[in-house]
Amino acid sequence: MALTNSAAGYGTLTKIFHWTIVILFALQYAGGNIMVAIGFNSSFAGIDTNTYYNWHKSLGLVALVVAILRIINRRTGQLPPWAKTLSKRERAFIHRVEQVFYTAMLVMPITGFLYVSFGNFGVNLFGVWETPRPIPRDDTLRDIFKWAHIIAGWILLAAMAGHIGLVLWHTLVKRDGLIKRML
Ligand code: HEM
Ligand code: HEM
């Protein structure tokens, strides 16, 4: 299997980046919602709130690095031809959704980071290293980036539902094996 994309399909790098981001985003949505729901000084499944926050912030920054590598990989390489079974409207839809994805891959971690930075909460990387806080506290900007983080999260969720729905429709109903292109 080729490392980079080719006329024959997606390369290994694209597939690794794709599924790494899927796992990281799943953890981010699960952890993000758990930590907000349980509130401070609490715990869920034996993990306390602080640990949820530390890991949410840390994995979010890891996702930012993966996203940058993924964008470089996509920009420097080519894309395989469209799957023949996708209609013109579906191709236009996928194109839009992919634009949302690539934007969200940057916007989610950056807004999250700016939120905690302007709030002077900082990032305790995986609970082992309190990173420097070079940005001065600003409560207005803190609130703006908090809401940007939450709203972007909902937009991304809608895009993911559309993307997964389309892949499932083709794979399970039309049975054209679309999922195999990313496996
Ligand atoms: C891939 C990146 C990320 C995703 C997908 C993501 C997703 C989420 C989600 C779904 C929530 C719950 C929002 C809600 O409904 O209240 C959340 C909350 C939060 N996220 Fe992220 N996040 C990411 C990265 C980050 C990063 C890098 C930071 C900080 C360095 C961060 C800090 C926070 C904080 C502090 C909250 C709590 C918000 C509140 O107080 O309501 N996130 N995130
Ligand atoms: C269970 C969840 C998912 C499944 C089953 C899935 C499946 C697929 C498949 C089969 C393709 C190839 C479509 C084609 O061009 O023929 C694809 C492409 C793509 N997917 Fe997903 N996907 C999932 C979640 C996600 C998530 C959460 C994101 C983004 C955050 C994402 C971003 C992309 C992007 C950007 C492409 C285009 C190729 C690229 O630039 O990497 N996918 N996905």
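In each ligand, atom 1 is the first atom listed, and ligand 1 is the first ligand listed. Throughout, residue positions are numbered sequentially from 1 according to the sequence presented.
- His56 has its closest N, O or S atom to atom 21 (Fe) of ligand 1 at the position named NE2.
- Distances from ligand 2 to the non-hydrogen atoms of Trp82 include no value under 4.0 Å.
- If you check which protein heavy atom lies closest to atom 15 (O) of ligand 1, you get Asn33 OD1, 3.7 Å.
- Looking only at heavy atoms of the protein, atom 14 (C) of ligand 1 is closest to Ile150 CG1, 4.1 Å.
- Judged purely by distance below 3.5 Å, without hydrogens or angles, the side chains of Asp48 and Ser43 never pair a donor atom with an acceptor atom.
- Considering only non-hydrogen protein atoms, atom 36 (C) of ligand 1 sits nearest to Met35 CE, 3.3 Å.
- Checked against a 3.5 angstrom limit, the closest N/O atoms of His149 and ligand 1 fall inside it.
- In the hydrophobic clustering of ILVMFWY residues, with side-chain heavy atoms under 4.5 Å counting as a link, Ile23 and Leu69 come out together.
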Item to check | ring pair (Phe, Tyr, Trp, His ring centres under 6.0 Å) evaluation trace for Phe101 with Phe25 | outcome: CA-CA 11 Å; Phe101 280 160; Phe25 276 23; 8.1 Å; no
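- Nearest to atom 16 (O) of ligand 1 among the protein's heavy atoms is Val36 CG2, 3.7 Å.
- For the 3.5 Å distance criterion, the side chains of Thr4 and Asn73 fail to qualify, holding no donor opposite an acceptor.
- Taking every heavy atom of Ala63 and a limit of under 4.0 angstrom, the matching atoms of ligand 1 come to 1 (C).
- Listed by number with element, the atoms of ligand 1 under 4.0 Å from a non-hydrogen atom of Gly60 are 24 (C), 27 (C).
- Taken together through direct or relayed side-chain contacts under 4.5 Å among Ile, Leu, Val, Met, Phe, Trp and Tyr, Leu156 and Met35 form parts of separate hydrophobic clusters.
- Looking at atom 24 (C) of ligand 1, its nearest protein heavy atom turns out to be Gln28 NE2, 3.5 Å.
- Counting protein heavy atoms only, atom 1 (C) of ligand 1 is closest to Phe25 CE1, 3.3 Å.
- Protein heavy atom at the shortest distance from atom 26 (C) of ligand 1 is Gly112 CA, 4.0 Å.
- Residue contacts with ligand 2 include Tyr10, since one or more of its heavy atoms lies under 4.0 Å from the ligand.
- Restricting His18 to its N, O or S atoms, the one at the least distance from atom 21 (Fe) of ligand 2 is NE2.
- Counting non-hydrogen atoms of neighbouring residues, nucleotides and ligands closer than 6.0 angstrom, the CG atom of Asn41 reaches no more than 12 such neighbours.
- Considering only non-hydrogen atoms, atom 28 (C) of ligand 2 lies nearest to Phe101 out of Tyr29, Phe101, Phe17, Trp19.
- Nearest protein neighbour of atom 35 (C) of ligand 1, counting heavy atoms only, is Tyr115 CE2, 3.4 Å.
- At least one heavy atom of Tyr53 sits closer than 4.0 Å to an atom of ligand 1.
- Using a 4.0 Å cut-off to heavy atoms of Leu178, the atoms of ligand 2 that qualify are 10 (C), 16 (O).
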